[in-house]
Amino acid sequence: MGQYWTDERGAALPLAVITLVLLSSLILGLSVMSATEPTIAANQLRTAQARALAEAGLEMALWALTRPGAPGGLSDPLPAAVPPPYDGSRLIEVAAGDATLGGFRLAVITGAAKNERDVLSVGWAPTDDAADTRPKAHQRIAATLWRLPVPAQSAPCALCVRGDLELGDDVTVDARADRQCGGKWGAWSSGLARVAPSAKVWGADGNDVPNEAGDYVQVQPADSALEWMFTDADLLALKRLARARGSYYRGSVLFDTSRPAPEGLVFVDTATGAPVSGDTPAAELARVELRGGAFRGWLIVAGSLEISGDARVRGLAYAQDGFVYRGATAGGIEGQVVAAGVRGAATSLSRAGGGSAITFDCAAATGGDGTVPGGWMLKAGSYRELSDP
């Protein structure tokens with residue numbers, strides 16, 4: 001028979017040695033980690049600081065665009081050669097007390113549209129000086145700054161119609177008094193303008209005689225209206241702003257004294273929410289009627305707009321297709337009316353009783369009588385962090 005060994009004396013020593021080796025490896029690994037952890041934490045801190053500094057550059061660009069007349073402001077339109085520091089030529093240092101935290105380089109250029117500015121901001125912590133041997137971090141942020149396009153500042157008219165225009169008896173359109181947005185024609189149309197014998201249109205032609213060549217124009221190039229019509233990108237941004245403030249609607253909407261339109265920016269979209277084009281079915285277009293009551297702001301309609309009765313409007317009435325006004329005494333529009341005629345609908349105005357149907361008012365048309373924000377803002381979806389090229 002074989003012999004079995006059952007004596008276990010001496011086994012403790014190798015087990016103890018193996019355990020000590022394992023513990024030593026673990027302690028060594030923890031020691032290495034503890035040695036590198038401060039470096040990792042410092043790198044993360046510098047990266048966070050660099051990102052915050054880059055965002056400070058965006059804020060500075062917003063400040064400069066919003067205050068073009070202030071020292072250090074940016075003029076509108078941008079000059080051909082953007083002045084420093086907005087050309088990225090030097091580091092703008094940021095300090096807290098006596099300690100310099102870092103800085104940023106900032107470049108501002110004209111964007112894809114005239115109301116857009118593309119901004120690249122590169123934050124550096126603690127500096128971008130190559131001669132400085134301290135560890136450094138940088139973050140690149142690109143964004144587009146955008147502001148509401150204002151038809152009153154670019155359109156040459158109080159009543160602007162892309163299509164045919166009909167002015168009925170007793171209708172008056174007056175653009176004589178307010179020239180803060182430049183002199184305006186009373187009415188402009190790309191199609192024929194039919195003016196009733198008792199209708200009166202006054203432009204800023206320097207006299208009080210209505211219906212002269214300087215008061216309204218017709219059969220103008222339709223494409224010239226593209227300079228002051230909202231683009232699809234503009235309308236999408238306006239739609240988002242209206243959604244954010246709870247003044248976004250779809251389809252057919254009636255506003256009256258019992259259901260007044262909210263002040264400020266109001267956007268009434270198509271039934272499907274799709275952009276309006278020449279091929280949009282008539283059943284999908286927005287149809288809005290403002291029947292009495294008062295409204296201050298911008299009323300943007302992705303379709304046709306009708307204002308009737310004694311409704312009073314101070315601001316901008318903008319219809320992507322046709323516009324109809326059937327006013328009465330005490331009612332009227334102070335500001336501007338734009339009918340873009342995307343689907344070829346005509347525009348007509350009629351009135352019962354005295355008073356002006358439309359009186360051009362630059363301040364009301366530009367800012368909705370103080371209810372519509374007009375400054376520069378971050379364009380939705382444009383903010384992005386960039387890696388190095």
Side-chain angles (χ1 to χ4, degrees), residues 151 155-175 184-203 210-212 215-220 222 225 228-229 252-256 261 268 276 278 280 282-283 285-293 295 299-360 365:
C157 36
L159 171 60
C160 312
V161 178
R162 196 163 178 252
D164 292 334
L165 170 63
E166 182 176 353
L167 301 179
D169 286 325
D170 300 321
V171 167
T172 61
V173 180
D174 194 343
K184 307 291 186 186
W185 280 303
W188 181 103
S189 67
S190 63
L192 292 173
R194 293 181 290 274
V195 181
S198 62
K200 295 180 176 62
V201 182
W202 287 286
N211 304 340
E212 293 186 326
D215 296 314
Y216 73 91
V217 290
Q218 59 180 323
V219 196
Q220 298 297 298
W228 36 267
M229 286 169 52
S252 297
V253 180
L254 170 65
F255 297 118
D256 56 20
V268 184
V276 176
T280 302
L285 291 175
R287 299 178 184 277
V288 177
E289 184 176 354
L290 184 60
R291 188 186 301 165
F295 172 72
L299 179 54
I300 314 295
V301 180
S304 297
L305 170 62
E306 179 178 333
I307 298 176
S308 61
D310 63 351
R312 300 176 304 283
V313 174
R314 278 190 58 80
L316 170 67
Y318 188 101
Q320 281 194 265
D321 202 22
F323 173 78
V324 174
Y325 178 78
R326 296 189 178 97
T329 301
I333 300 169
E334 295 176 343
Q336 186 182 39
V337 174
V338 176
V342 174
R343 291 190 72 259
T347 292
S348 64
L349 282 75
S350 60
R351 186 175 177 84
S356 180
I358 300 174
T359 302
F360 181 75

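Judged by distance alone, with hydrogens and angles left aside, the side-chain atoms of R351 form no donor-acceptor pair with the main-chain N or O of T172 at under 3.5 Å. One N or O on the side chain of Q336 and one on the backbone of C157 form a donor-acceptor pair closer than 3.5 Å. Under a 3.5 Å cut-off, the side chain of R312 and the backbone N or O of G332 do not form any donor-acceptor pair. In this structure, D164 contributes its side chain and L192 its backbone to a donor-acceptor pair below 3.5 Å. A donor-acceptor distance shorter than 3.5 angstrom exists from the side chain of S198 to the backbone of D170, with no hydrogens or angles considered. Here the side chain of Q220 pairs a donor or acceptor atom with the backbone of Q218 at under 3.5 angstrom.
The closest side-chain heavy-atom distance from I358 to L349 is below 4.5 Å. Side-chain contact between V201 and L167 is present, with at least one heavy-atom pair separated by less than 4.5 Å.
Atom CZ of R287 sits about 11.0 Å away from atom CD of E306, to the nearest 0.5 Å. How far SG of C160 is from CZ of F323: 11.5 Å, rounded to the nearest 0.5 Å. A distance of 12.0 Å separates OG in S304 from CD in E289, rounded to the nearest 0.5 Å.
Scanning all heavy atoms of the two residues, the minimum distance from A158 to A175 falls at CB-CB, 4.1 Å. Across every non-hydrogen atom of S350 and V171, the tightest pair is CA-CG2, 3.5 Å. Nearest heavy-atom pair, P197 versus D169, reported as atom, atom and distance to 0.1 Å: CD-OD1, 4.0 Å. What you find for V301 and A286 is that their closest heavy atoms are CG1-CB, 3.9 Å. Shown here for G163 and S190, the closest heavy-atom pair between the two residues is N-OG, 2.7 Å. Summarising the geometry of D321 relative to G344, their closest heavy-atom pair is OD1-N, 3.4 Å, with the distance given to 0.1 Å.
Counted by atom type alone, D174 and T359 present zero donor-acceptor pairs between their side chains at under 3.5 Å.
Atom CZ of R314 has more than 12 heavy atoms from other residues, nucleotides or ligands within 6.0 Å.
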Self-check item: Residues Y325, T347; criterion side-chain contact (heavy atoms from CB on, under 4.5 Å); working and verdict
Solution: CA-CA 8 Å; Y325 178 78; T347 292; over 6 Å; no
Self-check item: V313/L299 under side-chain contact (heavy atoms from CB on, under 4.5 Å): CA gap, chis, key distance, verdict
Solution: CA-CA 9 Å; V313 174; L299 179 54; over 6 Å; no
